Novice: 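First the structure, which I've put down as structure tokens, then a few questions once you've had a look.
Small disclaimer: the values here were computed from a predicted structure and weren't measured.
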Amino acid sequence: AQKITQTQPGMFVQEKEAVTLDCTYDTSDPSYGLFWYKQPSSGEMIFLIYQGSYDQQNATEGRYSLNFQKARKSANLVISASQLGDSAMYFCAMREGRRDTGRRALTFGSGTRLQVQP
Amino acid sequence: GAVVSQHPSWVICKSGTSVKIECRSLDFQATTMFWYRQFPKQSLMLMATSNEGSKATYEQGVEKDKFLINHASLTLSTLTVTSAHPEDSSFYICSAEGGQGYEQYFGPGTRLTVT
């Protein structure tokens with residue numbers, strides 16, 4: 001079974017509008033962390049936002065927010081006020097287990113290519 | 001934030017030769033580094049976990065004799081692709097954990113082309 005599922009291979013959004021990128025995950029571990037990364041054409045992985053499984057509130061970082069619905073095992077990324085520079089590949093990732101004892105490598109989803117149109 | 005560098009950023013080599021890729025944590029110590037591989041239009045796949053002072057842990061299906069990993073210090077891990085073949089052409093990215101934080105810091109990646 002896929003650990004991380006991103007069902008949108010590609011998304012279009014108009015500049016200045018908000019967009020939601022979907023991510024669902026599968027784990028039986030009660031302790032885990034969820035990440036979103038942006039990968040522009042240059043290839044670098046840019047960290048956007050993190051949500052811990054025990055965090056009570058949804059994470060926010062500037063224009064990025066994470067809609068964390070634990071019961072549904074979803075961790076959607078919301079980008080508000082899209083900009084042309086947001087055009088890139090976006091990956092959802094998960095680390096399972098406790099930070100100090102669990103598997104620390106990340107498992108990535110297949111990604112969503114976002115294109116922001118002027 | 002913490003910085004991870006990779007060298008070289010791109011390399012072209014002939015089939016049968018070996019290529020070494022370096023991953024350095026510039027301003028923090030990393031006891032553990034991770035090596036990922038990304039084929040065009042695909043996601044990142046973990047190849048191995050590199051632990052300072054001990055042997056690397058390889059993911060299933062990754063040939064340890066082909067992809068040699070050395071983590072000789074707290075700031076440097078190297079990946080050597082031995083006897084490279086065209087199917088090894090890929091984007092190789094390392095990451096490192098720093099301090100007490102949850103974040104993984106990624107290097108800029110190395111694009112390997114084997115002709």
Novice: With only heavy atoms counted, which part of B:L44 is less than 4.5 Å from chain A, the side chain, the backbone, both or neither?
Specialist: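 Answer is both: backbone and side chain atoms of B:L44 are under 4.5 Å from chain A.
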Novice: A:L114 vs A:I79, test: side-chain contact (heavy atoms from CB on, under 4.5 Å). Steps then yes/no.
Specialist: CA-CA 11 Å; A:L114 176 67; A:I79 304 175; 3.9 Å; yes
Novice: Do you know the tightest heavy-atom contact between B:S77 and B:I69?
Specialist: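 Shortest heavy-atom contact: OG-CG2, 4.0 Å.
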Novice: Evaluate the ring planes of A:Y32 and A:Y25, with Trp represented by its six-membered ring, and classify them as parallel (under 30°), tilted (30 to 60°) or perpendicular (over 60°).
Specialist: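 Aromatic pair A:Y32/A:Y25 classed tilted.
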Novice: Can you say whether B:Q6 sits under 4.5 Å from chain A via the side chain, the backbone, both, or neither, judging by heavy atoms?
Specialist: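 It is neither, since no heavy atom gets under 4.5 Å.
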Novice: With a 4.5 angstrom heavy-atom cut-off, is it the side chain or the backbone of A:Q39 that approaches chain B, or both, or neither?
Specialist: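 The side chain, not the backbone.
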Novice: Who among B:K41, B:Q38, B:Q42 has the most heavy-atom pairs with chain A under 4.5 Å?
Specialist: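 Heavy-atom pairs under 4.5 Å are most numerous for B:Q38.
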Novice: Is it true that B:E59 and B:R37 make a salt bridge, defined as a side-chain N closer than 4.0 Å to a carboxylate O?
Specialist: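 Salt bridge absent between B:E59 and B:R37.
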